[in-house]
Amino acid sequence: MEPRGRSGYNRLAMALDSDTLEQLLDTIRRLVRDRLVPLEAEVSANDAVPADVIAEMRELGFFGLSIPEEYGGIGLSMTEEVLAVLELGWTSPAFRSVFGTNVGIGSQGIVIDGTDEQKQSWLPRLASGEIIASFALTEPEAGSDAGSLRTTAIRDGDHYVLNGSKRYITNAPHAGIFTVMARTDPETPGARGVSAFIVERDSPGLSVGTPDKKMGQQGAHTADVIFEDCRVPAENLIGGVEGQGFKTAMKVLDRGRIHMGAIATGMAERLIDESVRYASERQQFGKPIGEFQLIQAMLADSRTEAYAGRTMVLDAARRFDGGENIAIEAACCKLYCTEMVGRVADRAVQIFGGAGYMAEYPIERFYRDVRLLRIYEGTSQIQQIVIARNMLRDAANG
């Protein structure tokens with residue numbers, strides 16, 4: 001497949017030298033396996049990540065992984081971010097969710113399209129974890145069809161007045177700022193009339209609903225966000241230009257789709273590790289069940305698919321860092337990896353048998369947790385549409 005867009009596949013913009021990167025990955029690996037994995041059941045039962053763990057992640061710089069160094073972050077390239085996220089996938093997604101919006105969809109709109117003033121004002125506080133950012137796009141009547149959103153932002157002097165509601169907004173209960181997509185031109189249908197705003201939590205007219213009760217991912221919180229004549233300073237229009245919000249969102253989601261592919265792959269690798277250990281220890285008919293070929297087949301299929309997922313996300317990340325247009329590759333990562341981890345989780349339950357259905361083992365919890373990955377930040381069906389439309393557009397353009 002020929003690369004599209006700018007060349008430079010091998011000229012990667014790595015932020016860290018190899019030794020520093022390995023130190024960072026080793027720090028994440030040790031924190032995840034020694035500190036976070038033992039807390040998984042507690043986080044699930046309490047629906048909360050302990051405050052001391054959040055403080056530790058803040059101190060280690062996790063909130064600023066992808067925020068440029070000049071604003072106090074670590075400034076990881078996409079490839080480096082993928083390597084970090086693969087390690088973070090080894091544990092409950094609730095831990096990553098604490099800072100995930102600061103690393104991804106909550107901050108990247110400002111990083112990519114924000115004015116200098118907006119970057120100076122918000123990015124240092126996001127990088128330090130002083131405030132949590134949240135990305136408010138989805139609405140009750142506009143989820144996958146983001147171009148049909150109804151929240152409005154009408155100019156009134158040196159302010160915009162926002163009205164509408166957002167649904168299933170990750171980290172909304174904790175957010176200090178929201179990146180909000182709203183329609184500044186009600187007469188222009190579709191995506192062209194949509195703009196992006198930075199809205200502070202204490203803005204008059206903004207309220208956050210009760211945290212949602214979910215099938216899985218306890219400890220990671222979502223809620224509705226409601227705007228009732230919410231006044232937002234005009235200077236908080238991202239980039240200072242109306243009508244660019246949808247383009248900003250798509251840029252953010254391209255990077256986020258690779259990120260989600262990596263987290264799904266990391267979770268798959270954890271599930272495989274649990275499955276292999278159980279198959280090596282569990283005895284049936286006088287020998288470990290791992291000696292039975294049908295168990296071996298499930299293990300082999302899972303390992304093969306996870307390897308494909310890891311290869312995909314690293315390849316897409318390198319292309320991103322090389323400056324290529326990776327809309328297709330990013331959607332492929334999100335589609336394949338999130339579907340893949342669902343199959344791996346299902347096989348893990350099967351390998352564990354009855355134990356896999358019991359809450360005392362992590363498999364049951366991961367089985368529920370991974371189901372959401374195929375829905376948020378663009379459903380699998382939306383990824384299929386993105387891939388196909390881009391393929392057809394490329395063909396039409398020769």
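Residue numbers count from 1 along this sequence.
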- Taken in chain and number order and not counting sequence neighbours, the residues that satisfy salt bridge (charged side-chain N to carboxylate O under 4.0 Å, His left out) with Arg270 are Glu40, Glu274

- Query: Are Tyr168 and Tyr376 near enough that their ring centres are under 6.0 Å apart?
  - Reply: no

- Query: Under 3.5 Å, is there a donor-acceptor pair between the side chain of Asn171 and the main chain of Ser134?
  - Reply: no

- Message: Closer than 4.0 angstrom, basic N to acidic O: yes or no for Glu377 and Arg257?
- Response: no

- Parallel, tilted or perpendicular for Tyr278 and Phe352, by the 30°/60° rule? parallel

- Expected output: side-chain Gln118 to main-chain Glu235 donor-acceptor under 3.5 Å: yes

- Task: Report yes or no: do Ser44 and Arg365 form a side-chain donor-acceptor pair below 3.5 Å?
- Result: no

- Exercise: do Gln108 and Ser66 side chains pair donor with acceptor under 3.5 Å: yes

- Message: Taking the basic N atoms (NZ, or NE/NH1/NH2) and the acidic carboxylate oxygens, is any pair closer than 4.0 Å for Lys166 and Glu139?
- Response: yes

- Under 4.0 Å between a Lys/Arg side-chain N and an Asp/Glu carboxylate O for Lys213 and Asp47? no

- Show the numbers, then the answer: is there a side chain to side chain donor-acceptor pair (under 3.5 Å) between Ser165 and Asp224? CA-CA 7 Å; Ser165 61; Asp224 287 0; over 6 Å; no

- Query: What is the minimum heavy-atom distance between Ser195 and Gly243, and which atoms define it?
  - Reply: OG-N, 2.8 Å

- Would you mind checking if Arg167 and Glu141 are paired as a salt bridge, meaning a charged N to carboxylate O distance below 4.0 Å? no

- Note on the structure: Paired with Leu31, the side chain to side chain contact (heavy atoms under 4.5 Å, CB included) test is passed by just one of Thr91, Leu36, Leu88, Asp26, namely Leu36

- Message: Tell me the closest heavy-atom pair linking Phe320 and Arg255, and the distance in Å.
- Response: CE2-NH1, 3.9 Å

- Nearest 0.5 Å please: distance from the CZ atom of Phe227 over to the CZ atom of Phe178. 6.5 Å

- Message: Using only atom types and a distance under 3.5 Å, with no angle test, would you say the side chain of Lys214 pairs donor to acceptor with the backbone of Ala220?
- Response: yes

